[in-house]
Visitor: 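Got a structure here, written out as structure tokens. Questions coming.
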Amino acid sequence: MAGQGVNLGFLDVASLADVLTQAHQAGESLSSLAVLRRFQRQRRAENIKMAATMEVFRRLFGHRPAPIRLLRSLGMKGLDQLAPVKNHLVAMAMGTKGDLPPLCRAPIRVF
């Protein structure tokens, strides 16, 4: 989960580029409040979701009494056995799942 800030930043940049491109094509001012609010609406939910997830992890892995650590360990081992859930969480962490900006939906081409 260490790279979440940079992943969110990349997704924000892709979303902002899309909003600004659409605004430019529509002849709108790129600095108008309406344009910037579109960007804000596009990214708010995903950013809040990731912030909440990070808070859950902070609380889950913070200093806890031994019984809580044992339950946490058992829960993590159980999660490791649930491949679909684990894969979903990994995809969310990598920024390849969820409401992705158009620039992030296109296949990546390597030259």
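Numbers here are sequence positions counted from 1.
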Visitor: Would N47 and D12 count as a side chain to side chain contact (heavy atoms under 4.5 Å, CB included) if you check the C-alpha gap in whole Å, the side-chain angles of each, and the deciding distance to 0.1 Å?
Guide: CA-CA 9 Å; N47 282 311; D12 287 348; 3.3 Å; yes
Visitor: Taking only residues two or more places apart in sequence or in another chain, which ones pass side chain to side chain donor-acceptor pair (under 3.5 Å) with Q22?
Guide: D18
Visitor: Please tell me whether L8 and V13 are part of a single hydrophobic cluster in this structure, the criterion being side-chain heavy atoms less than 4.5 Å apart.
Guide: no
Visitor: According to side chain to side chain donor-acceptor pair (under 3.5 Å), who are the partners of N87, at least two apart in sequence or on a separate chain?
Guide: none
Visitor: If you group Ile, Leu, Val, Met, Phe, Trp and Tyr whenever their side-chain heavy atoms sit less than 4.5 Å apart, what else falls in with V56?
Guide: none
Visitor: Could I get the full list of side chain to side chain donor-acceptor pair (under 3.5 Å) partners for R59, not counting sequence neighbours?
Guide: E55
Visitor: Taking salt bridge (Lys or Arg N to Asp or Glu O under 4.0 Å) as the cut-off, I'd like each qualifying pair that reaches into residues 65-78, sequence neighbours left out, listed once.
Guide: none
Visitor: Are E46 and K49 close enough for a salt bridge, meaning some N to O gap below 4.0 Å?
Guide: yes
Visitor: Shortest non-hydrogen contact from L30 to A23?
Guide: CD2-CB, 4.0 Å
Visitor: Going hydrophobic residue to hydrophobic residue with side-chain gaps under 4.5 angstrom, can you get from M50 over to L60?
Guide: yes
Visitor: For the CG atom of L103 and the CG atom of L11, what is their distance to the nearest 0.5 Å?
Guide: 10.5 Å
Visitor: Does one hydrophobic cluster hold both L70 and F57, with members joined at side-chain heavy-atom distances below 4.5 Å?
Guide: no
Visitor: Let me confirm one number: the CG-CD distance from L33 to Q40, rounded to the nearest 0.5 Å.
Guide: 8.5 Å
Visitor: If I take atom OG from residue S15 and atom CZ from residue R41, how far apart are they, to the nearest 0.5 angstrom?
Guide: 11.0 Å
Visitor: First locate atom CG of L16, then atom CZ of R43, and finally report the distance between them rounded to the nearest 0.5 Å.
Guide: 11.0 Å
Visitor: Going through the checks in order, is the side chain to side chain contact (heavy atoms under 4.5 Å, CB included) test met by M76 and F61?
Guide: CA-CA 11 Å; M76 293 303 289; F61 289 96; 4.0 Å; yes
Visitor: Minimum heavy-atom separation for L79 and V85, please, with both atom names.
Guide: CD1-CG1, 3.4 Å
Visitor: Applying side chain to side chain donor-acceptor pair (under 3.5 Å), can you list everything that pairs with S73, at least two apart in sequence or on another chain?
Guide: none
Visitor: If you draw a 6.0 Å radius around CZ in F39, do more than 12 non-hydrogen atoms from other residues or ligands fall strictly inside?
Guide: yes
